[in-house]
There are 2 protein chains.
Amino acid sequence: MKAQVRLKDVAEAAATSTKTASRVINGDPRVAEETRARILAAVRDLGYRPDPTARSLRKGTDDTLGIVVDSIADPFFAAVTGTIERLAIARGLRVMIASTGRDPRIEATVVDDLLARRVAGLIVAPTASDHSYLAHAPCPVLFVDRRPDGLDGETVLVDDNDGARRAVAHLAARGHRRVGYVGGKMDVATTRNRLQGYRDEVAASGLQADESLVRIGRNTADEGRAATLELLALPEPPTAIFSSNTRCSLGVVAALHACERTDVALVCFGDFPLADVLAPGVTVIDHDPLAIGQLAAETMFERLAGAPATGRDLTLPLRLIPRGSGEQPVPT
Amino acid sequence: MKAQVRLKDVAEAAATSTKTASRVINGDPRVAEETRARILAAVRDLGYRPDPTARSLRKGTDDTLGIVVDSIADPFFAAVTGTIERLAIARGLRVMIASTGRDPRIEATVVDDLLARRVAGLIVAPTASDHSYLAHAPCPVLFVDRRPDGLDGETVLVDDNDGARRAVAHLAARGHRRVGYVGGKMDVATTRNRLQGYRDEVAASGLQADESLVRIGRNTADEGRAATLELLALPEPPTAIFSSNTRCSLGVVAALHACERTDVALVCFGDFPLADVLAPGVTVIDHDPLAIGQLAAETMFERLAGAPATGRDLTLPLRLIPRGSGEQPVPT
DNA sequence: CTGTTAGCGCCTTCAG
DNA sequence: CTGAAGGCGCTAACAG
């Protein structure tokens with residue numbers, strides 16, 4: 001491998017000092033035009049590329065954005081992360097992505113590492129645990145999808161409670177009185193808020209508040225499928241189901257189709273591919289991951305540019321998309 | 001923010017030199033037990049964490065793996081990347097992920113940047129362009145999904161040609177003579193190989209080789225949908241379709257269902273959620289992204305440990321999963 | 001077994 | 001407008 005071209009080499013080739021070369025590289029205007037031209041020529045000739053590591057060590061900061069999510073393989077987070085990355089690159093920023101697997105200890109480790117690498121900013125989907133240690137982070141911190149515990153962090157999210165309420169209200173309006181709930185583990189705020197919204201609307205609409213209709217702790221399609229079968233096997237099964245996340249939804253849909261019970265009404269939190277192709281189409285509460293990613297990225301860019309954090313939630317709107325499954329009537 | 005704890009602080013607290021403290025941190029055995037204990041105590045007391053940037057600058061290498069893929073939002077690459085990341089973290093390695101958007105210039109930029117950051121190893125899904133510049137990379141390089149141009153790089157992939165052939169042969173065995181092809185742009189080797197496999201098998205099975213049946217350059221679900229409608233509108237439409245990638249497949253499936261033409265047989269390259277739930281279920285050639293990620297990660301770990309690259313392809317097996325759509329008979 | 005010296009490549013003083 | 005010296009935090013050489 002050929003030796004690395006250093007700033008010093010550029011300076012020598014241009015018959016000047018490293019500092020002046022550095023000024024040109026960093027766009028400092030106080031350099032004579034002629035000198036600048038000579039240095040730029042040398043940069044081109046030698047193929048000089050600044051060493052980000054050395055720069056980072058010296059400046060104490062890096063042009064990298066840290067992103068911490070549950071799992072990069074989760075389609076929701078993949079879409080959010082992909083959007084942020086695209087916009088970051090367009091602004092000349094790099095991106096480091098790390099997954100937590102929803103483990104607070106792993107989260108602490110990867111966040112520590114990212115901070116040690118002097119990231120310019122940090123975007124985190126927080127797991128359940130105390131995040132007060134991020135109150136004095138040396139860089140802007142922005143949360144996505146969930147509010148952090150123990151800290152008034154600025155957060156980009158949707159109104160999970162309201163979304164769940166609207167889903168249940170939609171079913172209630174079609175006459176359903178027994179609505180099942182399938183959702184994830186309660187260690188995640190998103191899940192808690194959606195379940196709360198379900199319970200709020202069950203109470204508000206005067207639906208049957210039967211705890212045997214509530215199946216939580218289901219984080220995979222297989223668990224969602226199993227939960228659905230359990231609900232259908234109840235002595236008094238629900239006539240409608242609200243699925244609280246996409247992983248579950250894929251299992252719920254699979255179970256209903258496998259049992260040929262698509263007469264059971266269904267509303268899912270989160271859109272997914274082919275939801276509109278199934279028969280009946282799946283009615284969803286859509287929370288657009290691209291919009292979330294875009295708002296997160298733009299907010300972070302503002303913080304990096306010096307705009308102070310509001311500390312308030314940035315709430316994105318939800319859309320209910322009726323496609324058929326949520327409009328199934330109560331069997332007579 | 002409180003000042004960073006440096007190695008020097010640890011050394012002073014332990015009444016020794018930075019070099020000895022460094023030895024302890026790095027597990028060098030040639031340190032007296034007593035000194036080691038004193039230093040470890042100081043590390044704990046002060047909460048010392050080594051600075052990866054400084055270490056990287058000095059050592060000329062980093063414990064970070066670079067991953068470069070088309071798009072982190074693509075489910076296939078999300079799954080591959082997620083698997084690699086999980087395994088890397090388990091081995092104490094960090095991961096930097098970058099997307100190219102299939103643009104060779106962006107690829108060159110992000111690869112350059114990753115190399116400038118002294119990544120320990122690089123895993124790349126190459127875009128169309130000359131990759132010979134990676135022949136002398138200062139770290140192990142491994143390719144995934146596609147073979148690089150202009151370079152005998154070690155590559156983890158599946159046999160795209162064979163998979164396409166098997167898909168077409170499967171349809172031919174059911175009596176189909178006119179099989180449509182829907183696929184992506186030809187700038188990607190994967191696509192070229194799948195189209196070649198299609199053509200090879202069309203010839204081998206004596207099917208009708210009609211170029212109007214071939215729709216390439218379709219990289220999104222919408223484009224896949226449009227291509228399907230075009231095929232169905234032909235004076236002599238195909239009785240079966242082979243879809244060459246998942247993005248297309250989602251559009252093809254949507255179009256067939258929207259037109260109520262699920263009598264048209266369909267085999268898709270790449271499995272996707274709900275493929276087994278649709279009616280009929282979608283027959284696919286499955287290339288397991290988790291297995292690809294795992295093999296890539298493990299191969300990279302071997303290279304990092306010093307095992308020389310074989311320079312040969314690491315080919316993973318493909319499975320044809322019949323679910324109904326690929327077994328539709330020719331209408332009589 | 002331990003410590004001193006000298007950088008890695010860059011940028012920030014502070015003088016010219 | 002330009003340059004020389006010093007140091008970011010760490011570790012490889014090379015002594016002791």
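Predicted model only: the values in this text are computed from it and were never measured. Scope of the values below: all heavy atoms of this structure, side chains included, with no hydrogens, waters or symmetry mates. The sequence lines fix the lettering, A, B, ..., with proteins before strands; numbering per chain opens at 1.
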Chemist: Under the side chain to side chain contact (heavy atoms under 4.5 Å, CB included) test, which residues partner B/Asp152, sequence neighbours left out?
Modeler: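 Result, side chain to side chain contact (heavy atoms under 4.5 Å, CB included) vs B/Asp152: none returned.
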
Chemist: For B/Asp313 and B/Arg147, run salt bridge (Lys or Arg N to Asp or Glu O under 4.0 Å): C-alpha distance rounded to whole Å, both residues' side-chain angles, the deciding distance at 0.1 Å, then the answer.
Modeler: CA-CA 8 Å; B/Asp313 291 346; B/Arg147 230 178 261 113; 2.6 Å; yes

Chemist: Looking at B/Arg58 and C/dG7, is any side-chain donor or acceptor paired with a base atom of the opposite kind under 3.5 Å?
Modeler: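 Yes, a donor-acceptor pair under 3.5 Å.
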
Chemist: Note down the inter-axis angle between the two ends of the helix from C/dC1-D/dG16 to C/dG16-D/dC1, five pairs each, to the nearest 10°.
Modeler: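 Result, rounded to 10 degrees: 40°.
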
Chemist: Between C/dC10, D/dA13, C/dC11, which nucleotide gets closest to the side-chain atoms of A/Arg6?
Modeler: C/dC10

Chemist: Take atom NZ of A/Lys8 and atom C1' of D/dA5, then tell me their distance rounded to the nearest Å.
Modeler: 14 Å

Chemist: Nearest whole Å is fine: how far is C/dT12 C1' from A/Arg55 CZ?
Modeler: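 Going from CZ in A/Arg55 over to C1' in C/dT12 covers 14 Å.
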
Chemist: Which whole-number value in Å describes the distance from B/Lys19 NZ to D/dA13 C1'?
Modeler: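 Rounded to whole Å, this separation is 9 Å.
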
Chemist: Where do B/Thr64 and B/Arg117 land on the side chain to side chain contact (heavy atoms under 4.5 Å, CB included) test, with the steps shown first?
Modeler: CA-CA 9 Å; B/Thr64 301; B/Arg117 282 165 195 280; over 6 Å; no

Chemist: Salt bridge between B/Asp103 and B/Arg105, side-chain N to carboxylate O under 4.0 Å?
Modeler: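 Counted as a salt bridge, because a side-chain N and a carboxylate O are separated by less than 4.0 Å.
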
Chemist: Using whole Å, what does the distance between atom P of nucleotide C/dC11 and atom CG of A/Asp63 come to?
Modeler: 11 Å

Chemist: Between B/Ser17 and A/Thr18, which residue's closest nucleotide on DNA chain C lies nearer the 5′ terminus?
Modeler: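 Of the two residues, B/Ser17 wins.
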
Chemist: Whole-Å distance between D/dT11 C1' and B/Ile25 CD1?
Modeler: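 In whole Å, D/dT11 C1' and B/Ile25 CD1 are 12 Å from each other.
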
Chemist: Indicate whether OP1 or OP2 belonging to D/dT11 is found under 4.0 Å from a side-chain N or O atom of B/Ser22.
Modeler: yes

Chemist: Mind checking A/Leu7 for me? I need base, sugar-phosphate or nothing, with any heavy atom below 4.0 Å counting as a touch.
Modeler: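 Sugar-phosphate, backbone atoms only, no base.
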
Chemist: Pick from A/Leu134, A/Leu122, A/Ile123, A/Val68: which one makes a side chain to side chain contact (heavy atoms under 4.5 Å, CB included) with A/Phe143?
Modeler: A/Leu134

Chemist: Just the table, please: protein N/O against nucleotides 14-16 of chain C N/O, every pair under 3.5 Å.
Modeler:
none

Chemist: Quick one: salt bridge (charged side-chain N to carboxylate O under 4.0 Å, His left out) pairs with a partner in residues 291-307 of chain B, sequence neighbours left out?
Modeler: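 For residues 291-307 of chain B, and leaving out neighbouring residues, the salt bridge (charged side-chain N to carboxylate O under 4.0 Å, His left out) pairs sorted by first residue read B/Glu154-B/Arg303.
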
Chemist: Between the side chains of A/Arg247 and A/Asp74, is the shortest nitrogen-to-carboxylate-oxygen separation below 4.0 Å, so that they form an ion pair?
Modeler: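 So A/Asp74 pairs with A/Arg247 through a salt bridge.
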
Chemist: In residues 28-43 of chain A, which residues come under 4.0 Å of DNA chain D by heavy atom?
Modeler: A/Arg30, A/Val31, A/Ala32, A/Thr35

Chemist: Separation of B/Arg117 atom CZ from C/dC10 atom C1', in whole Å?
Modeler: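 Distance check: B/Arg117 CZ to C/dC10 C1' gives 14 Å.
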
Chemist: Using ring-ring contact (aromatic ring centres under 6.0 Å, His included) as the criterion, list what pairs up with B/Phe76, not counting sequence neighbours.
Modeler: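 Partners of B/Phe76 by the ring-ring contact (aromatic ring centres under 6.0 Å, His included) criterion, ordered by chain and then number, come out as B/His287.
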
Chemist: Looking only at side-chain N and O atoms, does B/Thr20 come under 4.0 Å of OP1 or OP2 in C/dG3?
Modeler: yes

Chemist: Charged N to carboxylate O below 4.0 Å: is that the case for B/Lys59 and B/Asp51?
Modeler: no

Chemist: Run the numbers on A/Leu316 and A/Leu157 for side chain to side chain contact (heavy atoms under 4.5 Å, CB included), then give the verdict.
Modeler: CA-CA 6 Å; A/Leu316 282 162; A/Leu157 38 49; over 6 Å; no

Chemist: Could you pull out every donor-acceptor pair under 3.5 Å between side chains of residues 87-98 of chain A and any protein atom, sequence neighbours left out?
Modeler:
residue: A/Arg94; atom: NE; partner: B/Asp113; partner atom: OD1; Å: 3.1
residue: A/Arg94; atom: NE; partner: B/Asp113; partner atom: OD2; Å: 3.2

Chemist: Under the ring-ring contact (aromatic ring centres under 6.0 Å, His included) test, which residues partner B/Tyr48, sequence neighbours left out?
Modeler: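 ring-ring contact (aromatic ring centres under 6.0 Å, His included) check on B/Tyr48 returns nothing, list empty.
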
Chemist: Using the side-chain heavy atoms of A/Leu57, tell me which of these nucleotides is nearest: D/dG3, D/dG9, D/dT11.
Modeler: D/dG9

Chemist: May I have the distance from A/Asn26 (atom CG) to C/dC10 (atom P), rounded to whole angstrom?
Modeler: 10 Å

Chemist: Any salt bridge (charged side-chain N to carboxylate O under 4.0 Å, His left out) pairs touching residues 125-146 of chain A, not counting sequence neighbours?
Modeler: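 Sorted result for residues 125-146 of chain A: A/Asp70-A/Arg146.
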
Chemist: Looking only at side-chain atoms of B/Arg118, point me to the closest of D/dA4, C/dG9, D/dT11.
Modeler: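 For B/Arg118, the side-chain atoms sit closest to C/dG9.
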
Chemist: Can you list, by residue number, the residues of residues 46-54 of chain A that have a non-hydrogen atom closer than 4.0 angstrom to DNA chain D?
Modeler: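 Heavy-atom contacts with DNA chain D come from no residue of residues 46-54 of chain A; none.
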
Chemist: So A/Thr16, base contact, sugar-phosphate only, or nothing? Heavy-atom distance under 4.0 Å.
Modeler: sugar-phosphate

Chemist: For A/Leu46, give me all partners under side chain to side chain contact (heavy atoms under 4.5 Å, CB included), at least two apart in sequence or on another chain.
Modeler: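 Checked A/Leu46 against side chain to side chain contact (heavy atoms under 4.5 Å, CB included); matches are A/Val5, A/Asp9, A/Val10, A/Ala13.
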
Chemist: Which donor-acceptor pairs under 3.5 Å do the side chains of residues 18-35 of chain A make with protein atoms, sequence neighbours left out?
Modeler:
residue: A/Thr20; atom: OG1; partner: A/Ser17; partner atom: OG; Å: 3.2
residue: A/Asp28; atom: OD1; partner: A/Arg30; partner atom: N; Å: 2.9

